[in-house]
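Have a look at the structure below, then the notes.
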Amino acid sequence: MSRLAMLYALDDSEVNKLRSMPMAERYDYMLNEIEEKLFDTPRSCELDKAWEGIQYCLGDGKWNDENKIPTNIVFGGEFLVDEDDDVITLKNQHDIEKIVEYLRQNNLQELIRNNFWKIENESFRYKDDDGLEHTLGWSEEILSFYENALKGNYQVIFTVDF
């Protein structure tokens, strides 16, 4: 179980191509086409395994995947893939505008520091000082990634394989 996660900024044609794929093929398409093209560019934001801690912190220490700010910053959005082992969610341009506005008004690093120790889920394996530092480190680029997505008129997908 890798649990590694990424955010990718896609243009409309890339989103349409992903949507045109049968659901069972979308995750592999994302790996072979989107990740191959966008990984380690300004249109990607690597979250490693920290995505889960960030998601808990955005929910005040509880898991919440409602499609609204702030809980859709990482995990939420429209589900394009929701399989046992793989998830892809999509945030549209309107979502991204709201996410950027929220992140400019609320320091994500501060939210993580304030909420990390509130995480109640016993299956969350990283609730220690190293886990906090890991979560903080991997969250540093989220605002600039979303600002770039907004500026480029992109939509954003979140991807994770369990």
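Heavy atoms only: backbone and side chains are in, while hydrogens, waters and symmetry mates are out.
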Going hydrophobic residue to hydrophobic residue with side-chain gaps under 4.5 angstrom, can you get from [X] over to [Y]?
| X | Y | result |
| --- | --- | --- |
| Leu111 | Trp63 | yes |
| Phe79 | Ile157 | no |
| Ile96 | Ile54 | yes |
| Leu90 | Tyr102 | no |
| Leu31 | Tyr8 | yes |

Hey, does [Y] have a side-chain heavy atom less than 4.5 Å from the side chain of [X]?
| X | Y | result |
| --- | --- | --- |
| Val81 | Val87 | no |
| Cys45 | Met6 | no |
| Leu10 | Val156 | no |
| Lys62 | Lys118 | no |
| Glu83 | Tyr27 | no |

Charged N to carboxylate O below 4.0 Å: is that the case for [X] and [Y]?
| X | Y | answer |
| --- | --- | --- |
| Lys91 | Glu97 | no |
| Glu14 | Arg19 | no |
| Lys17 | Glu33 | no |

Between Ile142 and Leu47, is a side-chain contact (heavy atoms from CB on, under 4.5 Å) present by the stated rule, with each step listed?
CA-CA 9 Å; Ile142 292 175; Leu47 300 175; 3.8 Å; yes

Shortest non-hydrogen contact from [X] toward [Y]:
| X | Y | result |
| --- | --- | --- |
| Met23 | Leu80 | CE-O, 3.5 Å |
| Leu132 | Trp117 | CD2-NE1, 3.9 Å |
| Phe116 | Thr135 | CE1-OG1, 3.7 Å |
| Leu58 | Leu108 | CD2-CD1, 3.8 Å |
| Phe162 | Asp84 | CD1-O, 3.9 Å |
| Ile88 | Met30 | CD1-CB, 4.0 Å |

Between the main-chain N or O of Asn92 and the side-chain N or O of Asp95, is there a donor-acceptor pair closer than 3.5 Å?
yes

From the list Thr71, Asn64, Asn121, side-chain hydrogen bond (donor to acceptor under 3.5 Å, both in side chains) with Tyr56 holds only for Asn121

Output, in order, the C-alpha distance, side-chain angles, deciding distance and verdict of side chain to side chain donor-acceptor pair (under 3.5 Å) for Thr89 and Glu78.
CA-CA 5 Å; Thr89 62; Glu78 175 191 349; over 6 Å; no

Full working for side-chain contact (heavy atoms from CB on, under 4.5 Å) between Ile112 and Asn115:
CA-CA 5 Å; Ile112 291 169; Asn115 293 327; over 6 Å; no

First locate atom [atom1] of [X], then atom [atom2] of [Y], and finally report the distance between them rounded to the nearest 0.5 Å.
| X | Y | atom1 | atom2 | answer |
| --- | --- | --- | --- | --- |
| Ile73 | Lys98 | CD1 | NZ | 13.0 Å |
| Ile119 | Glu52 | CD1 | CD | 8.0 Å |
| Ser44 | Glu141 | OG | CD | 10.5 Å |

Partner residues of Asp11 under the side chain to side chain donor-acceptor pair (under 3.5 Å) criterion, sequence neighbours left out
Ser13

Chi angles and distances behind the side-chain contact (heavy atoms from CB on, under 4.5 Å) call for Asp86, Val160
CA-CA 6 Å; Asp86 306 312; Val160 66; over 6 Å; no

Assess the pair Phe124 and Tyr126: is the distance between their ring centroids shorter than 6.0 Å?
yes

Tell me, yes or no, whether the heavy-atom count around Lys127 atom NZ, taken from other residues, nucleotides or ligands under 6.0 Å, exceeds 12.
yes

Audit row: Gln155, Asp12, side chain to side chain donor-acceptor pair (under 3.5 Å) steps and yes/no:
CA-CA 7 Å; Gln155 298 180 60; Asp12 290 342; 2.9 Å; yes

Taking the inter-plane angle between the rings of Trp51 and Phe75 on a 0 to 90° scale, is it parallel (under 30°), tilted (30 to 60°) or perpendicular (over 60°)?
parallel

Should the pair Arg43 and Tyr154 be classed as cation-pi, given the thresholds of under 6.0 Å to the six-membered ring centre and 45° from the axis?
yes

